[in-house]
There are 2 protein chains.
Amino acid sequence: MSVMLLTPRPESPRSDPTPAAHDRVYRGLRTRIMHGAIAPGQALTLRGIGAEFGVSMTPAREAVRRLVAEGALQLSSSGRVSTPELTNERIEELAALRALLEVELASRALPRAHMALIDRLQTINASIGEVIEAHDAVGYIRTNLEFHRTLYLRAQAPAMLAMAETVWLQLGPTMRKLYGRLQRRETPHFHKLIIAALKAGDEPGLRLAVRSDVTQGLRMLTT
Amino acid sequence: MSVMLLTPRPESPRSDPTPAAHDRVYRGLRTRIMHGAIAPGQALTLRGIGAEFGVSMTPAREAVRRLVAEGALQLSSSGRVSTPELTNERIEELAALRALLEVELASRALPRAHMALIDRLQTINASIGEVIEAHDAVGYIRTNLEFHRTLYLRAQAPAMLAMAETVWLQLGPTMRKLYGRLQRRETPHFHKLIIAALKAGDEPGLRLAVRSDVTQGLRMLTT
DNA sequence: ATGACCGACATGTGATCACAAACGAGCCGG
DNA sequence: CCGGCTCGTTTGTGATCACATGTCGGTCAT
């Protein structure tokens, strides 16, 4: 009778066939927020989110709770959901956190950085130029983060990387406002310094370059 | 007729009269985990949590999701909830994070540290001796964290403090195992160094003392 | 005695519902 | 013309339910 019950999931084991609904919603919202696709102060509704992802309120609520826990979303006293509008003090704090965490991550990645990694970084850096040409703010943020993440992945420090990503998440909506403002810009200077320091195995130089790259953009964000 | 409608909340604005159920559950579980009241690897069930707090599964699930997002709980592939058993690599990483964040927090608190703060720290430090006498592991962790939090609150850096607390949360169950092991111990030496550095306004000394205090305990945790 | 199978129970997931609170637009009095 | 009230609608919250899946026990064949 129930012989078929032994293979309840005929799909391939890799790439979970049906990711949990709340996880799909979480990931969808997360990347949007981190890439700056949502403006600060934007209001969201659970029913709206659910409708957008084709699920009911329950998974939408779970995804929102998770994002609130990570500081990516804000809850008003009445439970309304919105992307946070950051104060200057908070922006400075988050910039300091980025500096702390990412300098450490880069430093740990340095001894593990092979030529293949540097090549990939240069490729990513080149594509940053393209998105700048296209005036694609979201694409710029996404590619920039990809550059940093690619480097930090070599640090073999998942907890630290997760914390750095949490900070990125909190800065997402605000970064959109920043990069929407200053349109013209060449491919980031400090990225080249980072790559040069990696090639030279120059740890102090790498720390300084990362710190500068992180600080530079955020400094002009404080109104 | 409806003049009273302008004061929809006759209660005092502080201490929300009926905190949301999911928040009560979240806070309850959170402090338990952070204080090391739950052993690593301990399994939990949504229905069990709900029953314990007198709520249904829904708020229990939200609280759990939030704690999972903060790394305080772990989800097995099938969705089962448990406190994580940390690997040595992860413990070292979290210790490094504590060092990074807390040194920075202490450094920021230093210029704001008045005599009243130092007095409070000394009072807390004294009570640490008592809980050590009583062989109260949970009390020790709680009081120790109170010492650190009291200092870091002066840093006026809420985002950074929140990150530090997240790290504490992840280390909670594992710390229980540690402090359960080594029973006898005098009131922590490095706390006295921290207080001395605060009195002297000695920033390098403070940074070193905090780093030592954070590192010391965690070092003997790596199996 | 040992191992695989199978079935009952436990558990997480997501949808739906009832309810309370909050928001907002319209209305009324000034 | 303006300000405050009011009521309908929107929205979040929590309980409950049906269902799929996982887990653990016993059972039976070898």
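Residue numbers begin at 1 in each chain, while the letters A, B, ... track the order of the sequences. Just so we're clear, the structure is a prediction, and the values are computed from it rather than from any experiment.
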Test item: Thr123(B) side-chain N/O and Asp119(B) main-chain N/O as donor-acceptor pair under 3.5 Å: yes
Distances under 3.5 Å between nitrogen or oxygen atoms of protein and nucleotides 7-10 of chain D:
none

Short side-chain donor-acceptor distance under 3.5 Å, His22(A) and Arg66(A): no
N/O donor-acceptor pair, side chain Arg61(B) with base dG12(C), under 3.5 angstrom: no
Nucleotide dG14(C), atom P - distance to CD1 of Ile49(A) in whole Å: 15 Å
Of the listed nucleotides dT13(C), dT13(D), dT16(C), the one nearest the side chain of Arg65(B): dT13(C)
Approximate separation, where rounding is to 0.5 Å, of Ile194(A) CD1 and Ser212(A) OG: 8.5 Å
List, one per line, each side-chain donor-acceptor pair under 3.5 Å for residues 157-168 of chain A, sequence neighbours excluded.
residue	atom	partner	partner atom	Å
Glu165(A)	OE1	Arg30(A)	NH2	3.3
Glu165(A)	OE2	Arg149(A)	NH1	2.3
Thr166(A)	OG1	Ala162(A)	O	3.0
Trp168(A)	NE1	Glu102(A)	OE2	2.7

Along DNA chain D (nearest heavy atom to each residue), the more 5'-positioned of Gly79(A) and Val55(B): Gly79(A)
Residue mapping more 5' on DNA chain C - nearest nucleotide basis, Ser77(A) or Asp23(A): Asp23(A)
Spacing of His22(A) atom NE2 relative to dT13(C) atom P, expressed in whole Å: 5 Å
Nearest-nucleotide pick for Ala20(A), side chain only, options being dG14(C), dT11(C), dT13(D): dG14(C)
Separation of atom CZ in Arg66(A) from atom P in dT13(C), rounded to whole Å: 11 Å
Interatomic distance, Met57(B) CE vs dT11(C) C1' [rounded to whole Å]: 7 Å
Sugar-phosphate only, base, or nothing, as touched by Ser78(B) at under 4.0 Å among non-hydrogen atoms: sugar-phosphate
Salt bridge (Lys or Arg N to Asp or Glu O under 4.0 Å) assessment of Arg176(A) paired with Glu85(A): CA-CA 12 Å; Arg176(A) 172 201 184 76; Glu85(A) 310 202 50; over 6 Å; no
Euclidean distance, atom CG of residue Leu46(B) to atom C1' of dA20(D) [Å, nearest integer]: 15 Å
Contact under 4.0 Å: Ser56(A) side-chain N or O vs dA15(C) OP1/OP2: yes
Touch class at under 4.0 angstrom, heavy-atom based, for Leu44(A) against every strand present: sugar-phosphate
Glu70(A) versus Tyr26(A), side-chain donor and acceptor atoms under 3.5 Å: yes
Side chain to side chain, His191(A) and Ile124(A), heavy atoms closer than 4.5 Å: no
Distance, rounded to the nearest Å, where Glu62(A) contributes CD and dG14(D) contributes C1': 13 Å
Interatomic distance, Arg47(B) CZ vs dC9(C) C1' [rounded to whole Å]: 11 Å
